[in-house]
Protein chains: 2
Amino acid sequence: MNSKPQAWFREIHQPSGSSFGLRLKSRLHSEQSAYQKIDIYETTDFGHLMVIDDCIMLTDRDNFIYHEMMSHPVIYSHPCPKRLAIIGGGDCGTLREVLKHKEIESVFQIDIDERVTRLAERYFPQLCESNQDERAELLFEDGIVWMQDVAPGSLDIIIVDSTDPVGPGEVLFSEAFYQSCFRALADDGLLVQQSESPLLHQDLIKGMRERLQSVGFGTLQTLTFPQPVYPAGWWSATLAGKQPGLTDFRQVAEDDIDSLYYSAEIHRAARILPPFLQRYLRE
Amino acid sequence: MNSKPQAWFREIHQPSGSSFGLRLKSRLHSEQSAYQKIDIYETTDFGHLMVIDDCIMLTDRDNFIYHEMMSHPVIYSHPCPKRLAIIGGGDCGTLREVLKHKEIESVFQIDIDERVTRLAERYFPQLCESNQDERAELLFEDGIVWMQDVAPGSLDIIIVDSTDPVGPGEVLFSEAFYQSCFRALADDGLLVQQSESPLLHQDLIKGMRERLQSVGFGTLQTLTFPQPVYPAGWWSATLAGKQPGLTDFRQVAEDDIDSLYYSAEIHRAARILPPFLQRYLRE
């Protein structure tokens, strides 16, 4: 027997004392960009894998759940969305989902690191298939500054598709950033942001909701969904609306968008929080 | 700096090329029983951990989701459940949830390995707090044989709380076992069985449903829920009813049972399958 030892990429999530790993076929690329370390691997069972600063960002096999849940619920919750901005989202998976909606007229994607997008174009081409859509504008600059400078009331929807709230991503969870977003949104504007794991990060979800509320957002909804390659495999997004009382969303024909995870029924289901989390957020 | 290297338990799930790990404080117990290897650890962040034959069975932190979803949906789906059997379930967590329902008059728990229960009593005492309930009878024998011998029509509900369908657990997913269950159930009887991950084991879910149908079950429902310590962190249970057309369940007062994950709304939400899985099961 002359069996080669298996190679794995393992992400250790120190705060929860848990780890998640994927078995590798090979490393396809590794670089230190101006902002972060980016590695691309080929796995044995999850397709391509992108890792930033040793944290798993996405795989071919399961990214559809995250990208669909970051896009479709917020878009269908707006009566008539036309102008949208994505902060982060350099892999372009969220952008692709957003552009499936014909009513969207313009999308700015603002990710500070152009290298993430260039590597996604090469190693995740299916996520980048709408990058040339004439409604899309890809900007490589600081999303915080961009949001401060954009014309007040000029956006219908903001999607914050960021890394974890540690290190460079932290400011995207701050009251100051939420104030810029509130100002940038039109009166019926909506924001959605990934909000980590309902099992591991209840305090983060609660703090985010409190800060969003304190800058003036009137509606808050936290949605949960599976996310196999993120810590605990269970994730959330928090939606905030400037107006209070948002409960409904546009339910359209099943073939309006081509989706694998999203449906109107899944949208409704994702808004149901289990009692332990409901109680914690109410406290 | 004299830092001790961290100790981890890592489960490698070969078929999906993925792994999940938990950081350890210490090993509390290890034994080879007559049937399997059982290890108990103290983790840094998930409380106690039980591992059988190198597969994670449960932790203090997240077992509530699995045990509640294996118990409450099937019980509330039955109009008047009195006589129940649990096949497997030696950690007694499912038994505890079942016994929260006052209408249940008798529960047989049939796990082949008494050592699992004895170790659960010692290291997971909260799961065993109802073991002395006079409605419960704990049997340590072969569940397959027990099910063949039980009086026809004598059970209202069967919960198959088993290990994975590899090795000794495999026969619990066979047509022959489902035939015994069908015979053992009363006319309005229900069965529920853990059915692995909706992302990783779609073929297993489909095969199970086909076999259940072929022995005569008229209603099939697959429910999904997070299960952080199992492969992909996303799990399912498949419910089968002898009668066709089961769609509703008893919705009772919120404080009927003391639950952390289950609620009537969560029950409804768990039955919504995402389009990719709906399509696969329809094919």
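Each chain gets a letter, A, B and so on, in the order its sequence line appears, and its residues count up from 1.
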### Query
Can you name the residues that form a side-chain contact (heavy atoms from CB on, under 4.5 Å) with B/R27, not counting sequence neighbours?
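Testing B/R27 for side-chain contact (heavy atoms from CB on, under 4.5 Å), a comparison that skips the adjacent residues, returns B/S30, B/D39, B/Y41.
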Do [X] and [Y] have side chains that approach each other closer than 4.5 Å (heavy atoms only, starting at C-beta)?
X      : Y      : value
A/W8   : B/I12  : yes
A/Q14  : B/Q6   : yes
B/I272 : A/R268 : no

### Derivation of the side-chain contact (heavy atoms from CB on, under 4.5 Å) call for B/S19 and A/R10
CA-CA 8 Å; B/S19 70; A/R10 283 205 183 87; 3.5 Å; yes
### Query
Can you say whether B/F46 sits under 4.5 Å from chain A via the side chain, the backbone, both, or neither, judging by heavy atoms?
side chain
### Task
Against chain A, label B/P15 side chain, backbone, both or neither, depending on which of its atoms sit under 4.5 Å from a heavy atom there.
backbone
Top contributor to chain A contacts, counting heavy-atom pairs under 4.5 Å, from [options]:
options               : answer
B/G233, B/S263, B/S16 : B/S16
B/E11, B/R61, B/R271  : B/R61
B/A269, B/G21, B/P231 : B/G21
B/F225, B/Y230, B/F20 : B/F20
B/H13, B/Q227, B/R23  : B/R23
B/D45, B/L273, B/I65  : B/D45

## Note on the structure
The reported gap from CG in B/L260 to OH in A/Y280 (rounded to nearest 0.5 angstrom) is 15.0 Å
### Query
Atom CH2 in B/W234, atom CH2 in A/W234: separation rounded to 0.5 Å?
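Answer rounded to 0.5 Å: 13.5 Å.
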### Query
Just wondering, are more than 12 heavy atoms of other shown residues or ligands nearer than 6.0 Å to CZ in A/R122?
no
#### Entry: A/R279, CZ atom: more than 12 neighbouring heavy atoms under 6.0 Å
yes
[X] versus chain B, heavy atoms under 4.5 Å apart: side chain, backbone, both or neither?
X      : answer
A/Y262 : backbone
A/F64  : side chain
A/T44  : side chain

#### Entry: Toward chain A: residues of residues 193-201 of chain B with heavy atoms under 4.5 Å
B/L199, B/L200
## Note on the structure
With chain B, the option among A/P228, A/S259, A/P275 that has the most non-hydrogen atom pairs under 4.5 Å is A/P275
